[in-house]
K.L.:
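Before I ask anything, let me first share the structure, which is written out below as structure tokens.
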Amino acid sequence: PFTQGTIYVSPDYISVGTDRDYVRVPMTPATAKKIADSLHCLIPTAKIVDEIYRQAEIKLSPQPMKPGPEMTSVPYFAEHNRMINAQLKKGNGRGLIAGHKKDIVISSRLREKPGRVAIYGWHRKNGEPIQPLSTVHGSKYVDYSHGVRLIWSYMKVDGQMRKVSDVLADTLYSPLISYEGPIEKAADLLIE
């Protein structure tokens with residue numbers, strides 16, 4: 001039988017500030033989990049990130065900055081944010097935005113490599129991500145290129161509301177939102 005899923009996502013990455021003065025803020029998986037939990041949300045899988053890019057009304061170009069120790073500094077965060085907003089000013093700036101950050105994601109690889117952060121994405125205009133799914137960095141690492149996008153903890157599957165965590169753990173339905181097959185207790189993977 002044909003199965004269809006609908007996920008509810010934030011239009012952009014988590015920011016700190018006001019509507020007029022803000023910065024998209026990279027964070028550790030543990031911080032992302034605390035924020036997501038407080039809002040009844042989760043973070044996406046790599047497959048959800050791909051689908052967000054595919055569905056986005058606004059597809060921005062990745063803007064890598066010079067690598068080095070300053071990548072983890074607040075001035076780099078602010079400069080990258082300014083670069084993103086400059087791209088947004090060229091369009092209408094409203095709707096689902098993608099392509100401008102790597103996502104912190106849920107991945108079963110975190111069971112094999114605890115104490116790591118899973119990152120994925122930063123899609124080019126052709127839809128290919130710059131960053132393949134990676135767990136190379138420790139869970140305390142953040143840099144300007146990382147973002148946290150929230151997804152609501154419920155989704156629609158064939159017209160019925162279901163917990164995303166239940167869908168991820170389900171052998172039949174997990175392929176809707178996971179390239180890695182079933183992922184049990186997905187939110188627990190973000191604990192440091």
Side-chain angles (χ1 to χ4, degrees), residues 1-14 24 26-30 32-33 35-37 39-62 95-114 116-137 139 142 145-191:
F2 179 75
T3 300
Q4 184 175 2
T6 303
I7 295 179
Y8 304 92
V9 305
S10 60
D12 200 349
Y13 296 102
I14 293 176
R24 292 167 185 88
M27 62 192 73
T28 66
K33 181 181 180 348
I35 292 169
D37 287 351
L39 298 170
H40 307 287
C41 292
L42 299 168
I43 63 171
T45 61
K47 185 166 187 175
I48 293 170
V49 171
D50 283 343
E51 192 59 31
I52 288 168
Y53 186 80
R54 197 176 76 71
Q55 297 282 336
E57 292 99 348
I58 303 166
K59 292 179 172 79
L60 300 178
S61 296
L96 184 59
I97 304 167
H100 52 307
K101 294 275 187 186
K102 300 173 189 176
D103 283 75
I104 293 178
V105 294
I106 292 172
S107 170
S108 59
R109 290 187 190 180
L110 293 169
R111 287 204 204 294
E112 302 156 17
K113 293 190 175 182
R116 302 291 180 143
V117 59
I119 52 175
Y120 176 80
W122 219 5
H123 291 73
R124 296 178 183 95
K125 290 289 186 175
N126 67 4
E128 293 297 315
I130 289 174
Q131 177 66 64
L133 182 59
S134 170
T135 55
V136 80
H137 295 296
S139 62
V142 296
S145 68
H146 299 180
V148 174
R149 188 182 305 263
L150 298 176
I151 62 171
W152 191 39
S153 59
Y154 284 85
M155 66 180 288
K156 206 176 276 189
V157 177
D158 291 337
Q160 301 294 315
M161 294 305 287
R162 297 198 50 192
K163 284 186 172 183
V164 172
S165 57
D166 291 345
V167 174
L168 267 176
D170 190 284
T171 304
L172 180 63
Y173 293 115
S174 62
L176 284 170
I177 56 175
S178 171
Y179 293 130
E180 302 175 272
I183 303 175
E184 292 187 21
K185 298 181 181 176
D188 292 348
L189 294 171
L190 301 176
I191 297 171

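Because the structure is a prediction, the values reported are computed rather than measured. Reckoned from all heavy atoms, side chains included, excluding hydrogens, waters and symmetry mates.
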K.L.:
Minimum heavy-atom separation for Y120 and P132, please, with both atom names.
P.N.:
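Closest approach of Y120 to P132: CD1-C, 3.7 Å.
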K.L.:
With side-chain contact (heavy atoms from CB on, under 4.5 Å) as the criterion, how do I35 and V148 come out once you've worked through the C-alpha distance, each side chain's angles and the decisive distance to 0.1 Å?
P.N.:
CA-CA 10 Å; I35 292 169; V148 174; over 6 Å; no
K.L.:
Mind checking the CE-OG1 spacing from M161 to T6? Nearest 0.5 Å is all I need.
P.N.:
8.5 Å
K.L.:
Go through the steps to decide whether M27 and I14 satisfy the test side-chain contact (heavy atoms from CB on, under 4.5 Å), and finish with yes or no.
P.N.:
CA-CA 9 Å; M27 62 192 73; I14 293 176; 3.8 Å; yes
K.L.:
Taking R109 for its side chain and L133 for its backbone only, find out whether a donor-acceptor pair lies under 3.5 Å.
P.N.:
yes
K.L.:
Quick one: do L150 and L42 satisfy side-chain contact (heavy atoms from CB on, under 4.5 Å)? Show the steps, please.
P.N.:
CA-CA 6 Å; L150 298 176; L42 299 168; over 6 Å; no
K.L.:
Rounded to the nearest 0.5 Å, how far apart are CD1 of I48 and CD1 of I43?
P.N.:
10.0 Å
K.L.:
Give me the atom names and distance for the closest heavy-atom approach of I151 to P44.
P.N.:
CD1-CA, 4.1 Å
K.L.:
Using 4.0 Å as the upper bound for N to carboxylate O, is an ion pair formed by R24 and D12?
P.N.:
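The answer is yes: the pair qualifies as a salt bridge.
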K.L.:
Between K125 (side chain only) and K59 (backbone N and O only), is there a donor and an acceptor less than 3.5 Å apart?
P.N.:
yes
K.L.:
Whether R162 and D166 form a salt bridge (side-chain N of Lys/Arg under 4.0 Å from carboxylate O of Asp/Glu) is what I want to check.
P.N.:
no
K.L.:
Looking at M155 and G5, what are the two nearest heavy atoms and their distance?
P.N.:
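Closest approach of M155 to G5: CE-CA, 4.0 Å.
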K.L.:
Is it the case that D103 and H146 place a side-chain donor and acceptor less than 3.5 Å from each other?
P.N.:
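The answer is no; no qualifying pair exists.
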K.L.:
Are the side chain of S174 and the backbone N or O of D170 linked by a donor-acceptor pair below 3.5 Å?
P.N.:
yes
K.L.:
Quick check: does any side chain N or O of N126 sit under 3.5 Å from a backbone N or O of E128, one acting as donor and the other as acceptor?
P.N.:
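Yes; judged by distance alone, with no hydrogens or angles, the pair exists.
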K.L.:
Do H40 and Y154 have ring centroids that are under 6.0 Å from one another?
P.N.:
no
K.L.:
Under the criterion salt bridge (charged side-chain N to carboxylate O under 4.0 Å, His left out), I'd like the reasoning laid out for E51 against R54: C-alpha separation, chi angles, the key distance, then a yes or no.
P.N.:
CA-CA 5 Å; E51 192 59 31; R54 197 176 76 71; 2.7 Å; yes
K.L.:
Are L96 and I58 side-chain neighbours, meaning at least one heavy-atom pair lies under 4.5 Å?
P.N.:
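Heavy-atom side-chain distance check fails, nothing below 4.5 Å.
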K.L.:
So, the side chain of T45 versus the backbone of I177: is there a donor-acceptor pair under 3.5 Å, distance only?
P.N.:
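Side chain of T45 to backbone of I177, a donor-acceptor pair under 3.5 Å: yes, one is there.
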K.L.:
Determine whether a donor-acceptor pair (N or O, by modelled atom type, separation under 3.5 Å) exists between the side chain of W122 and the backbone of H100.
P.N.:
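Judged by distance alone, yes, a pair lies under 3.5 Å.
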K.L.:
Between atom CD of Q4 and atom CG of D158, what is the distance when rounded to the nearest 0.5 Å?
P.N.:
7.5 Å
K.L.:
With a 4.5 Å heavy-atom cut-off, do P29 and V117 have their side chains touching?
P.N.:
yes
K.L.:
Compare every heavy atom of K101 with every heavy atom of G147, then report the nearest pair and how far apart it is.
P.N.:
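Of all heavy-atom pairs spanning G147 and K101, the closest is N-CB, 4.1 Å.
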K.L.:
Can you name the nearest heavy-atom pair linking P182 to A169, along with the distance?
P.N.:
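Looking at all heavy atoms of both residues, the shortest contact is CB-O, 3.7 Å.
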K.L.:
Is any side-chain heavy atom of K163 less than 4.5 Å from a side-chain heavy atom of S153?
P.N.:
no
K.L.:
Would you check, one step at a time, whether the test side-chain contact (heavy atoms from CB on, under 4.5 Å) holds for S178 with L168?
P.N.:
CA-CA 7 Å; S178 171; L168 267 176; 3.8 Å; yes
K.L.:
Using every non-hydrogen atom in the two residues, find where L110 and R116 come nearest and quote the distance to one decimal.
P.N.:
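It is CD2-O, 3.4 Å.
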K.L.:
So, taking the atom named CD1 in I7 and the one named NZ in K47, what distance separates them when rounded to the nearest 0.5 Å?
P.N.:
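So the CD1 of I7 and the NZ of K47 are separated by 9.5 Å.
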K.L.:
Measure the spacing between NZ of K102 and CD1 of I119 and express it to the nearest 0.5 Å.
P.N.:
5.0 Å
K.L.:
For the CD1 atom of I97 and the CZ atom of R149, what is their distance to the nearest 0.5 Å?
P.N.:
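Atom-to-atom, I97:CD1 and R149:CZ are 7.5 Å apart.
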